[in-house]
Every structure is written in structure tokens, then in C-alpha cells.
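In what follows, a structure is listed as C-alpha cells, so that the remarks can point back to it.
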Amino acid sequence: MQRILVAGAGHGGLVAAAKLAKRGFDVTVIEKEARAALGHDWEDRFTFSLPETLLGIREADFPAGSWRVRGDCAFISPAKRKRVEIFYDETQAQRVMWRKPLIGLLLDAAEAAGVNFLFETPVLGPLLQGDRVTGLRTEAGEMEAALVIDAAGVFSPVRMGLPAACEIEQSPQRGDLFYAWRGYFNKIDGTMPRCPFEVSLYHEGEQGLSWCCTNPDSVDLLIGRIDPLTDEKVRVQIGNYKKDHPWIGDRLLHGGQYGRIPVRRPLTLLVADGYAAVGDSAFMTTPMNGMGIDLSMQAGALLAETVAANVGQPMTAEVLWEYNRRYHIEYGAAASKNAGLKNALLSLPSAGVDFLFEQSVIQAADLAGAGKNMQLGALLGKFVRGMKNPPWFFAVLRGLIKGGKAAGLYAAPPQAFDRAAIRAWDAKIRACDLKIAGPQA
Ligand SMILES: Cc1cc2nc3c(=O)[nH]c(=O)nc-3n(C[C@H](O)[C@H](O)[C@H](O)COP(=O)(O)OP(=O)(O)OC[C@H]3O[C@@H](n4cnc5c(N)ncnc54)[C@H](O)[C@@H]3O)c2cc1C
């Protein structure tokens with residue numbers, strides 16, 4: 001059976017690995033970290049039913065104490081004059097899970113399916129024959145394979161080492177990434193705010209978002225910006241949160257680390273001869289909220305279906321294109337629409353975002369759905385209110401229109417892997433100009 005190498009134990013790579021090993025492929029995951037070091041030291045949100053749908057991992061089998069329900073949420077405007085509160089009912093309550101047990105469940109499922117693992121083995125880049133990927137260069141030597149699945153995250157050395165002839169975008173641009181610091185502090189009293197999860201847009205007037213989530217046993221702080229953070233900035237912002245939330249203690253209980261999240265449209269081209277990207281390595285998140293766990297796992301499952309349907313065939317870009325097409329039709333289009341709104345909001349001055357909050361152009365339903373709830377009636381009301389400041393309102397509308405146009409293109413990729421057709425399709429998507437404007441005063 002054909003040999004498949006997975007670069008990095010990313011979520012999508014593990015789903016694809018488990019599914020393909022079950023189908024009899026010889027699959028090896030090559031991960032730079034030790035097994036015990038995998039998974040962030042914090043809790044994140046994803047669709048709890050997805051591991052069962054994709055891999056048969058039942059919610060009932062999630063380890064005890066590995067997840068909880070996050071409290072109700074308040075979005076706070078940049079000038080802190082307006083709060084939009086969201087009260088979830090039982091069906092909408094946000095459940096979050098510690099990342100180590102989540103990745104542990106995926107690793108266990110992959111191992112049980114017969115996947116081999118090489119931990120503590122950094123991948124250095126793709127192994128190439130001309131423009132074809134024929135394996136991986138690793139610190140343990142060169143390894144050959146019929147297919148390399150790139151699940152090595154946003155700065156994957158595999159994607160960044162591909163030849164220009166593959167025409168796969170290699171490096172993110174300003175505004176494509178969200179830089180975050182996250183840590184959990186002890187609580188020095190029993191305070192529980194009515195909306196314990198407070199999310200600040202344009203926190204302290206800067207492009208980005210931060211949060212302070214008061215849990216019964218700790219306070220989860222996230223400081224996030226579109227530009228790279230410095231230790232000094234994080235220190236100052238933690239200090240600001242402590243001033244407003246005197247129950248935050250000084251003892252760091254979890255995290256205390258930096259992370260980078262792609263918050264842009266996904267790569268248009270996900271495949272090359274012998275190569276397919278999944279998850280953060282292909283920028284597969286919902287741009288407004290940076291959620292990438294579901295999309296990464298869903299991409300892994302789609303890729304496995306395409307590969308398994310072509311057993312014994314050379315894993316050419318032509319064969320892998322079906323995965324590329326399906327991902328964009330099923331998920332990429334919605335993500336690029338969402339990128340239009342995110343970029344428009346981040347291109348406004350912080351006073352513009354305050355205006356949108358204060359005129360109720362931004363409402364609870366928009367924020368709860370990360371910009372996905374766009375009903376006509378609600379939009380008309382927004383239009384009337386938004387016209388009180390046409391330049392800012394039209395800036396947001398332009399972002400929505402650009403996102404919608406890009407979504408239409410993502411939803412209609414070329415039928416077959418035809419280089420000229422793909423180039424023309426990609427050029428049209430680029431022309432939608434899904435970028436954020438430069439730093440704002
Ligand atoms: C602060 C923060 C909060 C987040 N919150 C959420 C959330 O609530 N919900 C959500 O859905 N998403 C969230 N995300 C995003 C989410 O983490 C990713 O989108 C998701 O993990 C999918 O990424 P991935 O599995 O493809 O890659 P990653 O999680 O980055 O995994 C890549 C793997 O590849 C390995 N690797 C990297 N380089 C090499 C190399 N050279 N050789 C070998 N191995 C390598 C890494 O060690 C890692 O194991 C958050 C991210 C951050 C930073």
C-alpha cells in the first residue's frame with residue numbers, strides 16, 4: 001500500500017492519518033515535539049460532536065474534567081462605552097475543552113488505526129524531484145512517500161519550501177495573522193460577573209481583540225493584536241485588566257504563552273504533485289474568531305476521502321484537486337465571506353467601531369454568529385442607523401461586498417486541475433482584495 005507522510009501532528013493531519021491508516025495506507029506522522037508536549041495549555045471551542053462524526057470518538061469518552069461550559073459573553077466597544085451582552089440558552093452555550101486531552105484523543109485514535117509516529121523529529125522541508133514533492137527532509141534524514149500531508153501549522157516549513165512552480169502562496173501578509181498571548185491567573189476572591197466572558201474589540205484602541213474570562217477557579221486572559229506583540233505590551237495590558245478586575249491574582253496557573261492564528265481566507269491552491277495542505281498550514285480558520293479546529297478536522301476527512309478513492313494512483317495535483325474543490329465549496333467560501341467583514345472592521349479607526357456599536361449596527365446576533373447571521377430585515381435596520389456616518393458604514397458594506405464576491409468565486413472552482421483555469425480563478429479572487437488597511441490612528 002502507498003506510503004503517506006504527515007508533517008506535524010496538527011488536527012487535520014491526525015484525522016486524515018487515522019482514516020487513511022484504517023483504509024490500509026502506510027501512514028507516518030512526523031512531529032517536532034514530544035507526545036506529552038502537544039496541545040496548548042488552555043481551553044478552546046470546537047464542535048464537540050465532530051470527533052465522533054469523523055473518527056467515532058464519542059463525547060462520553062472525553063476525559064472527566066477535560067471540558068466545561070463557558071459563561072455568557074459581553075462584547076465591549078473600543079471606548080468601553082457600550083457592551084453588547086449575549087445570553088446563551090442550553091443549546092447555544094459555548095463548551096470549551098483543554099487542548100491537551102483533545103489532541104490526546106486524536107493521537108489515540110490515530111495510533112489505534114495503525115498510524116506510526118516519529119516524535120521529537122523536526123521536519124526541515126519537502127523532498128523534491130523537480131517540482132514534485134516526493135517526501136520530507138527531516139532531522140532524522142530523508143523519507144520518501146507517495147503523498148505528503150502538510151499539517152505543520154501556519155509557518156509550515158513544507159509549504160514555505162515548495163518550489164515557486166507549485167504556485168502555492170507561501171507567506172502570510174500583514175493582517176493575515178492574529179498574534180495572541182494567553183494565560184490563566186488565580187482568583188483572589190469569589191467574584192463572578194453576570195457575563196463572565198468579556199471580549200474587547202480594538203482593545204486599548206489597537207487593531208485586535210482581547211478577552212478576560214472569569215471562571216469559578218481562574219481568570220483566562222487573552223491579549224491579541226494584528227501586529228506582533230511584545231512582552232512589554234502584554235505586561236501593560238495584563239496590568240490594565242487587573243486594574244478593572246481586582247479579583248485577578250498574580251499567580252499564572254496555565255498558559256503564559258504566545259500563539260499565532262491565521263485569520264484570512266484559505267489558500268486557493270491546497271495541492272501540488274505529491275502534496276496537500278490541511279488546517280493552519282492552509283490558513284483554514286473562520287477569520288472573525290480564529291476558530292480552526294473544526295475546519296482543520298473537516299479538511300482532513302475530505303482529503304482522506306479523495307486519497308482513498310484513488311488507491312494505487314500517483315498522488316498528482318490532478319487527483320488531489322477533488323479535495324481542493326470540495327473544501328472550498330463546503331467551507332472555504334464561507335470563510336472568505338467572513339474575511340471580508342473582519343477586514344472591513346479592522347480597517348476602520350477605533351472610533352468607527354465605536355460608532356457601529358453605539359448605533360447598533362453591530363448587534364448581539366452578529367457577534368454570536370461571528371458575522372454569519374445576515375438577515376435582510378436586520379440589514380435594513382442597520383442601513384438606516386449606519387447612514388448616520390456614511391463613510392464608516394460604506395467601508396463595512398464594501399468589506400461585505402468584497403467578501404461576498406470572493407465567496408462566490410471560492411464556491412465555483414475550476415472542475416479539473418487545469419493550470420491556466422486555476423491561475424485565472426486565483427487572479428479573480430486576489431482582485432477581491434481581501435486585505436486590511438494600514439495601521440489606524
Ligand atoms: C490563543 C489561541 C486560541 C485559539 N482558540 C481557538 C478556538 O477556541 N477554537 C478553534 O477552533 N481554534 C482556536 N485556535 C486556532 C487553532 O489552534 C488552530 O486553528 C487549530 O489548532 C488548527 O491548526 P493545525 O492543527 O492545523 O495546526 P497546529 O495546531 O499549529 O499544529 C501543527 C503541529 O505541527 C507541528 N510542527 C510545526 N512545525 C513542525 C516541524 N517543522 N516539524 C514537525 N512538526 C512541526 C507542531 O508542533 C504542531 O503539533 C486558537 C489558537 C490560538 C493560538
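The chain is numbered in sequence order, starting from 1. Order of appearance sets the numbers: ligands from 1, and atoms from 1 within every ligand.
- In terms of N/O distances under 3.5 Å, ligand 1 is not approached by Thr285.
- Shown in contact with Gly290 at under 4.0 Å from a heavy atom are these atoms of ligand 1, numbered in order with element: 12 (N), 13 (C), 14 (N), 15 (C).
- A salt bridge links Asp217 and Arg68; the closest N-O separation between the charged side-chain nitrogens and carboxylate oxygens is under 4.0 Å.
- Close approach of ligand 1 to Gly279 is summarised as follows: ligand atoms under 4.0 Å from at least one heavy atom of the residue are 26 (O).
- In terms of protein heavy-atom proximity, atom 48 (C) of ligand 1 is closest to Glu31 OE1, 3.6 Å.
- Scanning the protein for heavy atoms near atom 22 (C) of ligand 1, the closest one is Asp280 OD1, 3.4 Å.
- Within the listing of ligand 1, atoms 43 (C), 44 (N) sit less than 4.0 angstrom from a heavy atom of Ile30.
- Leu320 and Met315 make their closest contact through CD1-O, 3.7 Å (heavy atoms, listed as atom of the first residue, atom of the second, distance).
- Residues Arg423 and Asp426 are not paired through a salt bridge, judged by the lack of any N-O separation under 4.0 Å between the basic side chain and the carboxylate.
- Under the side-chain hydrogen bond (donor to acceptor under 3.5 Å, both in side chains) criterion, Asp280 pairs with no residue, sequence neighbours left out.
- With sequence neighbours left out, the side-chain contact (heavy atoms from CB on, under 4.5 Å) criterion links Ser200 to Ile76, His203, Tyr241.
- Of all the heavy atoms of Asp44, the ones lying under 4.0 Å from any atom of ligand 1 are found in both the backbone and the side chain.
- Salt-bridge formation is not detected for the pair Asp231/Arg235: no Lys NZ or Arg NE/NH1/NH2 atom is positioned less than 4.0 Å from an Asp or Glu carboxylate oxygen.
- Heavy-atom contacts of Leu38 reach the following atoms of ligand 1: 49 (O) (cutoff under 4.0 Å).
- Ranking the protein heavy atoms by distance from atom 9 (N) of ligand 1 puts Arg45 O, 2.7 Å first.
- Inclusion of Gly292 in the set of residues having an N or O under 3.5 Å from an N or O of ligand 1 is warranted.
- Judged by the 6.0 Å and 45° rule, Arg70 forms a cation-pi pair with Trp211.
- Atoms of ligand 1 found under 4.0 Å from any heavy atom of Arg99 (numbered from 1 in listed order, with element): 13 (C), 14 (N), 16 (C), 17 (O), 20 (C), 21 (O).
- Interface of Pro157 with ligand 1, defined as ligand atoms under 4.0 Å from a residue heavy atom, comprises 41 (N).
- By the 6.0 Å and 45° rule, Lys242 stacks over the aromatic ring of Phe185.
- Between Glu59 and Arg95 a salt bridge is recorded (basic side-chain N to carboxylate O distance below 4.0 Å).
- By the criterion of a heavy-atom distance under 4.0 Å, the side chain of Glu33, and not its backbone, is placed next to ligand 1.
- Annotation: atom 42 (N) of ligand 1 to nearest protein heavy atom, Val123 N, 2.8 Å.
- Below 4.0 Å from some heavy atom of Pro122 lie the following atoms of ligand 1, by number and element: 42 (N).
- Counting only heavy atoms of the protein, atom 31 (O) of ligand 1 lies nearest to Gly10 CA, 3.6 Å.
- By the 3.5 Å distance cut-off applied to N or O atoms, Asp294 is not counted among the residues near ligand 1.
- The shortest N or O to N or O distance between Thr121 and ligand 1 is not under 3.5 Å.
- Evaluated by nearest non-hydrogen atom to atom 2 (C) of ligand 1, the leading choice among Ile261, Val29, Leu106, Leu295 is Ile261.
- Of the polar atoms of Ile293, at least one N or O is found under 3.5 Å from an N or O of ligand 1, judged by distance alone.
- At under 3.5 Å, a nitrogen or oxygen of Lys32, whether backbone or side chain, sits near a nitrogen or oxygen of ligand 1.
- In terms of heavy atoms, Thr285 sits closest to Val263 at OG1-CA, 4.0 Å.
- In terms of heavy atoms, Ile261 sits closest to Gly290 at CG2-O, 3.4 Å.
- Which parts of ligand 1 touch Ala151 is read off a 4.0 Å heavy-atom cut-off, strictly below it: atoms 32 (C), 33 (C), 34 (O).
- Between atom 27 (O) of ligand 1 and the options Gly153, Gly12, Gly39, Ala152, the minimum heavy-atom separation is to Gly153.
- Checked options Lys233, Arg225, Lys80; the residue passing with Glu204 is Lys80 (criterion: salt bridge (charged side-chain N to carboxylate O under 4.0 Å, His left out)).
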Using the rule given for salt bridge (charged side-chain N to carboxylate O under 4.0 Å, His left out), can you reason through Arg35 versus Glu111, listing the C-alpha separation, both sets of side-chain angles and the distance that settles it, and then say yes or no? CA-CA 12 Å; Arg35 194 190 205 278; Glu111 269 169 356; 3.0 Å; yes

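- With salt bridges taken as basic N to acidic carboxylate O contacts below 4.0 Å, none links Glu330 and Arg325.
- The distance criterion of under 3.5 Å between nitrogen or oxygen atoms is not met by Trp42 with respect to ligand 1.
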